[in-house]
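Below: one structure, written as structure tokens.
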Amino acid sequence: MDKIDNLDKKILSILSKNARIPFKDVAAECGVSRAAIHQRVQHLIAGGVITGSGFDVNPKSIGYSTCTYVGMNLERGNMYKDVVEKLVEIPEIVECHFTTGPYTMLLKVYARDNEQLMDLLNNKMQMIPGVVSTETLISLDQSIKREIPVHLEDTED
């Protein structure tokens with residue numbers, strides 16, 4: 001992607017607060033045409049700056065009351081891709097990161113309850129070849145959830 005200018009950053013800032021805002025409203029706030037906003041957004045999507053849009057579903061509203069972070073250790077770090085191929089088959093895993101620090105991988109998992117969580121850990125995740133150990137941290141409350149802020153003053157012109 002080419003350099004992002006102040007207009008791109010302003011568009012990103014607006015959309016990160018409300019992805020469903022009409023382009024005409026973004027255009028009015030930016031002082032340009034709706035067509036210009038549409039063209040810029042398409043360029044940001046094509047360049048991989050905007051990677052998705054959609055709705056955030058509250059997991060609790062569909063029966064997933066337990067949010068858990070699972071630190072996972074592998075026999076060898078180079079087994080990561082093979083393990084990920086198996087983890088992707090477990091729909092309750094919503095994020096997976098290859099990390100530094102005490103774990104090879106860090107997973108974010110939603111379960112209906114502690115019983116399902118125990119089943120996911122014991123009968124699915126820990127059964128994957130190469131998984132040596134897991135450590136489970138249950139989230140009691142999510143206090144902050146947001147996108148990274150887009151600051152206009154960071155742009156070099």
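Any value given below was found using the heavy atoms of this structure, including those in side chains, with hydrogens, waters and symmetry copies removed.
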List the atom pairs, donor and acceptor, that lie under 3.5 Å between side-chain atoms in residues 69-79 and the rest of the protein, sequence neighbours left out.
from, atom 1, to, atom 2, distance (Å)
Asn73, OD1, Thr104, N, 3.3
Asn73, ND2, Ser133, OG, 3.3
Arg76, NE, Asn78, OD1, 3.3

Exercise. Sort and list the pairs that fulfil side chain to side chain donor-acceptor pair (under 3.5 Å) and have at least one residue in residues 85-101, not counting sequence neighbours.
Key: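 Applying side chain to side chain donor-acceptor pair (under 3.5 Å) to every pair that reaches into residues 85-101, excluding sequence neighbours, yields Glu92-Gln116, Glu95-His97.
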Exercise. Indicate if Ile90 and Leu106 have the same hydrophobic cluster label, given that clusters are the connected sets of ILVMFWY residues with side-chain heavy-atom separations under 4.5 angstrom.
Key: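 Unlinked, Ile90 and Leu106 end up in two clusters.
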Quiz item: Below 4.0 angstrom, N of the basic side chain to O of the carboxylate: do Lys145 and Asp56 qualify?
Solution: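 Result for this pair is yes, salt bridge flagged.
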Answer yes or no: is there a side-chain heavy-atom contact under 4.5 Å between [X] and [Y]?
X	Y	value
Leu120	Met125	yes
Ile93	Val88	no
Ile11	Cys30	yes
Tyr110	Val94	yes
Asp5	Arg40	yes
Cys67	Lys108	yes
Ile138	Asn114	yes

Quiz prompt | Residue of the set Val109, Leu117, Leu107 for which side chain to side chain contact (heavy atoms under 4.5 Å, CB included) holds with Thr136 | solution =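 By the side chain to side chain contact (heavy atoms under 4.5 Å, CB included) criterion, Thr136 pairs with just one of Val109, Leu117, Leu107: Leu117.
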Practice problem: Give every residue pair that meets the ring pair (Phe, Tyr, Trp, His ring centres under 6.0 Å) criterion with at least one member in residues 44-64, sequence neighbours excluded. | Solution: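 Found none.
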Practice problem: Report yes or no: do Ser13 and Lys9 form a side-chain donor-acceptor pair below 3.5 Å? | Solution: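 Per modelled atom types, Ser13 and Lys9 side chains form no pair under 3.5 Å.
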Self-check item: Working for side-chain contact (heavy atoms from CB on, under 4.5 Å), residues Thr68 and Ser139
Solution: CA-CA 6 Å; Thr68 308; Ser139 172; over 6 Å; no
Practice problem: Kindly write out the residues that satisfy side-chain contact (heavy atoms from CB on, under 4.5 Å) with Ser65, not counting sequence neighbours, or none if the list is empty. | Solution: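 Once residues adjacent in sequence are excluded, Ser65 has no partner under the side-chain contact (heavy atoms from CB on, under 4.5 Å) criterion.
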Quiz prompt | For Lys81, all residues meeting salt bridge (charged side-chain N to carboxylate O under 4.0 Å, His left out), sequence neighbours excluded | solution =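 Expected list: none.
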Quiz item: For Asp141, what residues pass the salt bridge (charged side-chain N to carboxylate O under 4.0 Å, His left out) criterion, not counting sequence neighbours?
Solution: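 For Asp141 there are no salt bridge (charged side-chain N to carboxylate O under 4.0 Å, His left out) partners, ignoring immediate neighbours.
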